[in-house]
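Throughout, a chain's letter reflects where its sequence line sits, starting with A, and its residues are numbered from 1. Remember, predicted model here, so these are calculated numbers, not experimental data.
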Amino acid sequence: METYTLRSRAETRETVRYRIDYRGELNEAQHDAATTLQGPVLVIAGAGSGKTRTLVYRVARLVESGVNPAQVLLLTFTRKAAEEMLRRAAILVGASCEHVSGGTFHSFANSVLRRHGRPIGLSPGFTILDRGDSEDVVNLLRSRAGLDKKERRFPRKGAILELFSMAVNRSTSVPELVETTYGHLADHLEDLLRLEQEYRTYKRERSLADYDDLLVLLRDVLRDSRDVAEQLSRTYRYIMVDEYQDTNRLQAEIVRTLAATHDNVMAVGDDSQSIYSFRGANFRNIMDFEKMFPGTRLVKLEENYRSTKPILELANAIIDRAPEKYTKVLRARSTGDGKPMLVQCGDERAQSRFIAQRILELREEGVSLDEVAVLFRSSYHSFDLELELQKRDIPFVKRGGFKFIETAHIKDVLAHLRVVANPRDAVSWHRILLLLDGLGPKTATEIFNHLAPAADLAGAVELLRATPRRGAYTKELARLADVLDEVASDNVPVADKVAAVVGFYVPMMRHLHPEDHPKREKDLEHFLTIAARYRTLGTLLSDMALEPPTDSVGDVLAAGDEQEGLLTLSTIHSAKGLEWEAVFVIWLVDGRFPSYHNLHDTEEMEEERRLLYVSVTRAKRHLHLSYPIDVYDRTTGMVLGKPSRFLEGLPGHILSETQVVEEGGLDQ
DNA sequence: CTTCTCCCTGTTTTT
DNA sequence: CAGGGAGAAG
């Protein structure tokens with residue numbers, strides 16, 4: 001049944017004259033969502049249904065209605081998404097939109113905790129641990145507890161951390177998780193629990209917070225400090241949460257508390273695009289929103305403006321076969337008849353050559369490189385293609401996978417800066433001390449213990465100069481102290497601080513990596529230009545942990561001089577929310593996509609299906625799905641060659657099948 | 001103690 | 001195919 005809305009009194013009383021023609025610019029459902037300003041609203045927004053547009057107009061509507069932009073909070077999946085929306089809103093109603101607070105849950109938690117962490121005992125200078133840092137800590141505690149020397153193999157740092165993190169993000173406990181899903185760890189449960197406690201203490205004592213802690217601590221401060229909770233709830237009177245299907249219970253709790261005094265929350269999401277369950281998200285959470293906020297107004301956006309009809313038909317066919325009922329269907333508004341193509345390739349090389357050749361053809365047809373994307377399930381799936389693109393001088397950026405910021409040399413430089421920001425950061429001290437020649441883990445720990453009693457950085461540096469242990473590294477230690485002094489001094493710009501560290505570090509790096517230091521030096525140069533954009537060391541460091549530059553290693557070199565636009569290579573996860581004229585999805589082989597890890601569990605298999613749905617719905621006009629046959633997979637010992645099970649038995653009018661052959665015949 | 005080398009294991013997605 | 005553990009040499 002259709003709904004007809006009686007306007008609330010608060011809205012009718014104010015006879016605001018709007019400059020924007022909301023009715024003309026938005027369809028019925030979008031208009032409904034953008035102009036309902038009071039109370040809880042849940043927007044189920046299908047792919048390409050103008051979700052971003054709706055949010056942008058809602059921000060504009062709020063501002064036009066006289067709401068102070070500083071009272072609006074826009075939580076999105078990446079900071080870039082938030083910035084883009086606010087930029088567009090600013091074009092509509094003016095620059096004041098830039099005062100809207102926007103970003104990810106984690107970055108919001110970070111900024112709240114820097115200001116209001118005291119009541120729960122968190123110092124404002126705390127350091128954020130990224131995944132690698134957290135693993136370093138767990139490893140340290142693991143070997144300190146002698147767990148590495150056990151008769152029975154103890155789980156690796158990565159597995160341990162995954163367990164701890166999953167417990168937090170699913171709002172459950174380690175014992176329960178071990179019982180339900182990590183049965184193979186049952187024998188180690190006691191040790192794991194002790195380790196978890198030690199990990200917690202270690203972080204607390206040294207003012208460290210990992211990603212999960214940011215959410216947990218924000219929840220805690222909202223729960224335990226009435227003052228803070230009330231102040232924040234009064235500050236942020238209008239809350240919008242994008243990509244709600246990928247939030248978890250902890251995040252939902254946070255939203256619930258933030259909105260406690262007013263219930264003005266709009267959640268936007270799409271249950272069929274939920275692809276982050278490995279991070280504790282559950283697509284059913286989106287349905288719980290109505291339970292959490294009684295009286296929720298439900299709006300569905302089902303008109304798709306992005307893709308041609310045949311592409312949508314394929315998308316609908318894929319998701320139709322999901323055993324669980326979904327909440328909406330997509331109707332095409334875009335004309336055009338580019339039919340999706342399923343392309344069989346002889347092997348991986350042929351697939352890469354096909355993609356490269358087809359991209360160049362499209363370019364001749366007027367589709368420029370920056371309107372094309374190649375998507376894949378796992379980051380390494382594009383390695384061979386990257387070589388082919390390089391060979392043909394096709395410039396690209398790669399999103400997702402290993403990041404520039406995660407390379408050892410960048411982390412080394414960052415560690416120097418982090419020690420200055422938080423002198424109790426043992427992980428970073430350890431890291432920079434180990435760089436010195438002739439200084440190993442034992443001495444590093446000794447020196448850190450010697451430093452630890454210092455009240456601040458100045459004290460620590462003084463103790464560093466007076467280190468009792470002497471060795472070949474004594475002189476280096478003094479130089480390190482000089483550099484740290486320089487980084488700590490108040491009237492030095494961030495760029496100069498970073499330059500000082502790089503100047504100190506590069507000679508060591510040449511010694512450490514005699515083979516490839518030129519490449520690494522280029523990365524460091526790139527990092528210098530990034531750092532120069534920051535006014536304080538603190539913001540540089542939190543940004544590098546929370547929103548690191550998304551580019552991965554390769555393109556730092558490539559991106560510099562190309563003006564023409566770049567082809568995008570991306571994991572499907574990193575392609576979320578984006579769109580291109582032409583999209584290629586590669587490696588659609590059963591075992592790769594769906595990934596063989598997830599073949600046995602229905603929940604996981606369904607997430608793979610949604611992953612394909614997300615990839616397909618990124619395309620506007622051209623869609624190619626490709627798979628190589630005859631692939632030997634070393635890890636499983638299997639020969640892969642069957643197309644993805646999600647594509648099996650689709651009628652020919654939905655998907656046209658093509659086989660790639662060599663010029664001159666079927667044989668290679 | 002530190003550093004080098006050799007062998008084994010286990011491979012997704014991200015804040 | 002690297003990351004890490006074990007063992008040997010400096």
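F108(A) pairs by the ring-ring contact (aromatic ring centres under 6.0 Å, His included) definition with Y236(A), not counting sequence neighbours. Looking at residues two or more places apart in sequence or on another chain, you find no side chain to side chain donor-acceptor pair (under 3.5 Å) involving H116(A). For the side chain to side chain donor-acceptor pair (under 3.5 Å) test, residues two or more places apart in sequence or in another chain that qualify with D288(A) are K291(A). Evaluation of the side chain to side chain donor-acceptor pair (under 3.5 Å) rule for D270(A) yields S272(A), Q273(A), K328(A) as partners, not counting sequence neighbours. The side chain to side chain donor-acceptor pair (under 3.5 Å) test applied to Q251(A) returns no partner, not counting sequence neighbours.
Within the 4.0 angstrom heavy-atom criterion, no nucleotide atom of any strand lies near L214(A). In this structure, D212(A) reaches neither bases nor backbone, as no heavy-atom distance under 4.0 Å exists between it and the strands shown. As judged by a 4.0 angstrom heavy-atom cut-off over every strand, F105(A) is placed among residues making no nucleic acid contact.
For E446(A), taking side-chain heavy atoms from C-beta onward, the closest of the listed nucleotides dT13(B), dC1(B), dT14(B) is dC1(B).
Ranked by how close their nearest DNA chain B nucleotide is to the 5' end, A545(A) and H597(A) are led by H597(A).
Taking only side-chain nitrogens and oxygens, K157(A) comes nearer than 4.0 Å to OP1 or OP2 of dG4(C). Residue R399(A) places none of its side-chain N or O atoms closer than 4.0 Å to OP1 or OP2 of dT13(B). In this model, the phosphate group of dT2(B) is approached by a side-chain N or O of T443(A) to a distance below 4.0 Å at OP1 or OP2. Applying the 4.0 Å criterion to OP1 and OP2 of dT14(B), one finds that S574(A) has a side-chain N or O inside that range. Side-chain N/O atoms of T78(A) include none lying less than 4.0 angstrom from OP1 or OP2 on dT15(B).
Under 3.5 Å, the side chain of R377(A) and the base of dT13(B) form at least one donor-acceptor pair of N or O atoms.
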R418(A) and D133(A): salt bridge (charged side-chain N to carboxylate O under 4.0 Å, His left out), yes or no, with the steps? CA-CA 12 Å; R418(A) 301 207 327 187; D133(A) 302 328; 3.0 Å; yes

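For DNA chain C, each stem of at least three Watson-Crick or G-U pairs (distances under 3.5 Å) is given as range with range: B:1-10 with C:1-10.
A stacking contact links F278(A) to dT13(B): the aromatic ring centre lies within less than 5.5 Å of the base's six-membered ring centre, and the planes differ by less than 30°.
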